[in-house]
Amino acid sequence: MDCKSIQEKLSAYIDNQLSAEEKALVDEHLKACSECKNAFEDLKKTIAHTQGLEELEPPPWLTQKVMARVREEAGRKKGFLQKLFFPLHIKVPIEVIATLAVVVTAFYIFKTIEPEIKQTASAPEQSIAKEAPSEAAPGKKKRSVRESDILTEKVKGAVDSAEEEIIRRRAPEDPEKDVKKEMRAFAPRAMETAEMKKQVMSLTVYIKDAVIMNKEIEKILKKLEGEILRSESFDNKYFFNVRLNSNKVKELKEKLKLIGEVEEEVASSAPEGDVEINIKIVRTGARVR
Amino acid sequence: MSKLIKKKLRTDFDADYDVIICCQKGDVDAFEEIVRKYQKKMFNISYRMTGDYTEAAEVVQDTFVSVYRNIRDFKGKSKFSTWLYTIVVNLSRNKLKQIKTRAFRERFSIDDPMPADDGEIKREHASNDLSILDKLEKREVEQKVQGCIKSLEGEFREVIVLRDIQGFSYDEISDMLKIAKGTVKSRLHRAREAVRNCLVKVVGDL
């Protein structure tokens with residue numbers, strides 16, 4: 001065997017890691033080869049130096065510090081486990097109570113938001129009915145829904161006042177159904193009324209014969225190109241809700257004056273364009289209080 | 001733990017068996033016994049591998065905490081001490097990488113002559129027969145040897161520390177480092193050769 005191979009085996013040779021045959025080979029070679037023998041000696045000295053390194057003492061605080069950390073670790077584990085695994089007879093009732101609390105809370109929340117749910121369900125219905133004829137783009141629809149929301153409020157306000165009026169005017173025998181019909185029909189009008197509040201005039205005409213007056217007024221309005229929006233009658237009174245051009249109003253008043261005594265409620269603002277007029281016809285002897 | 005493993009533990013590793021069982025049951029005080037028994041050897045392994053006293057102390061702490069955390073996983077397949085030392089070797093290896101990276105960043109060369117930081121460390125006085133001069137000379141040589149070991153690459157450093165400094169067998173080293181016995185042999189030889197060459201340069205005559 002050559003020196004290189006021998007020298008490579010020297011470490012194992014020193015540590016007794018070679019097979020019997022290999023050991024014998026090295027023994028033989030070392031007896032003859034001084035170079036390898038030197039290498040062998042050098043290796044032994046090196047190992048001796050390394051083995052000669054003194055063992056150091058660890059710092060005196062090491063045990064203490066280790067145990068402190070270990071105890072901390074043990075404490076954490078215990079606490080965590082305790083939290084997870086309460087004895088069952090404590091854990092289960094807690095869970096039951098917690099579940100009940102969640103259920104009750106959910107129930108109350110639902111109860112609170114239920115009317116809101118209903119409201120949002122009905123409002124779209126109204127707005128949808130109104131917007132159906134006009135094919136609106138989605139963006140526009142949003143706006144119109146919002147508009148109708150605002151209008152719905154106005155309608156409500158107008159409807160409320162109209163409702164009161166109708167109930168006052170209606171004969172007791174009249175079925176409630178009709179009142180409701182009027183209400184619904186009145187709703188869009190009331191909306192217009194709400195919008196055009198400024199332009200509504202009120203006239204009261206006192207006459208002897210109200211029945212004749214009724215027909216006369218219809219004639220007059222037709223002549224003046226006015227539009228009868230609504231008419232009602234009960235007891236000794238007749239009501240007309242009329243749309244007329246503002247320049248014809250004067251003429252109307254004059255014509256009415258020919259028939260009977262005309263009382264005019266103060267108009268809120270100078271009318272422009274079409275005006276809405278409420279005409280109340282009262283049979284004399286039965287003045288409105 | 002199964003009965004079979006318990007039996008194996010009992011027959012092979014009587015020394016640590018009882019303590020291990022206690023620790024697995026959560027007995028923290030029993031663990032202290034293990035700490036006191038093994039800390040010195042563990043510390044020295046780490047110190048020789050990392051070359052740093054403070055870092056070695058930290059590694060030992062981390063090792064023990066890791067052992068405590070995982071003690072229930074110890075199944076008795078190997079000796080408890082082997083398991084312990086394997087962990088300390090691995091953590092030392094990691095620590096060494098950290099130190100090297102840090103040193104590189106700080107542009108400090110590991111091959112520079114080592115500062116005499118060992119000067120204040122308490123040492124076991126192996127022999128009181130040596131004169132003061134001899135002791136000083138010995139100290140100096142030791143520092144140079146340590147320096148040479150430090151200059152080795154990680155894997156070579158490991159084998160020389162475990163074999164020549166700590167005296168583990170080839171089999172034990174093979175277990176700990178998870179390498180074949182043949183690899184241990186060749187690596188060890190190359191490590192020793194490297195130390196020898198280094199010593200010749202710094203000490204002169206061996």
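Chain letters run A, B, ... following the sequence lines, proteins first and then strands; every chain starts at 1.
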message = Any carboxylate oxygen within less than 4.0 angstrom of a Lys/Arg side-chain nitrogen, looking at B:Arg192 and A:Asp42?
response = no
task = Rounded to the nearest 0.5 Å, what's the gap from CZ on B:Phe31 to CD on A:Glu73? Could you check?
result = 10.0 Å
More than 12 heavy atoms from other groups under 6.0 Å of CD on B:Glu155 = yes
key: Per-residue contact mode, B:Val200 against chain A (heavy atom under 4.5 angstrom)   = neither
note = d(A:Leu43 CG, B:Glu193 CD) to nearest 0.5 Å is 6.0 Å
inquiry  = Only pairs of heavy atoms separated by less than 4.5 Å count here; which of B:Val184, B:Ile160, B:Thr63, B:Asp62 has the most with chain A?
reply    = B:Asp62
query = Can you name the residues of residues 12-40 of chain A that have some heavy atom under 4.5 Å away from a heavy atom in chain B?
reply = A:Ala12, A:Asp15, A:Gln17
task = State whether the number of non-hydrogen atoms from other residues, nucleotides or ligands found under 6.0 Å of A:Glu41 atom CD is greater than 12.
result = yes
inquiry  = Can you tell me if B:Glu140 has over 12 outside heavy atoms packed within less than 6.0 Å of its CD?
reply    = no
key: Structural part of B:Val195 lying under 4.5 Å from a heavy atom of chain A   = both
task = Could you tell me which portion of B:Tyr68 (side chain, backbone, both or neither) has an atom closer than 4.5 angstrom to a non-hydrogen atom of chain A?
result = both
task = Using heavy atoms and a sub-4.5 Å threshold, report which of residues 59-70 of chain A line up against chain B, by residue number.
result = A:Pro59, A:Trp61, A:Leu62, A:Thr63, A:Lys65, A:Val66, A:Met67, A:Arg69, A:Val70
query = CD of A:Glu55 to CD1 of B:Ile45: how many Å apart, nearest 0.5 Å?
reply = 9.0 Å
query = What heavy-atom pair brings B:His189 and A:Gln7 nearest, and what distance separates the two atoms?
reply = CE1-O, 2.9 Å
query = What part of B:Leu199 lies closer than 4.5 angstrom to a heavy atom of chain A: side chain, backbone, both or neither?
reply = side chain
request  = Check whether B:Lys144 gets within reach of chain A through its side chain, its backbone, both or neither, counting any heavy atom under 4.5 Å.
outcome  = neither
key: Donor-acceptor contact present, side-chain B:Asn44 to main-chain A:Leu56, <3.5 Å   = yes
key: B:Arg163/A:Gln51 under side-chain contact (heavy atoms from CB on, under 4.5 Å): CA gap, chis, key distance, verdict   = CA-CA 9 Å; B:Arg163 175 68 194 164; A:Gln51 284 175 338; over 6 Å; no
task = Can you measure from CZ (B:Arg190) to OG (A:Ser11) and round to the nearest 0.5 angstrom?
result = 12.0 Å
request  = Decide yes or no for B:Ile149 and A:Leu53: does some side-chain heavy atom of the first lie under 4.5 Å from some side-chain heavy atom of the second?
outcome  = yes
inquiry  = Tell me whether A:His49 contacts the main-chain N or O of B:Arg196 through its side chain, where contact means a donor paired with an acceptor under 3.5 Å.
reply    = no
message = Given heavy-atom pairs under 4.5 angstrom as the criterion, report whether the side chain, backbone, both or neither of A:Glu72 touches chain B.
response = neither
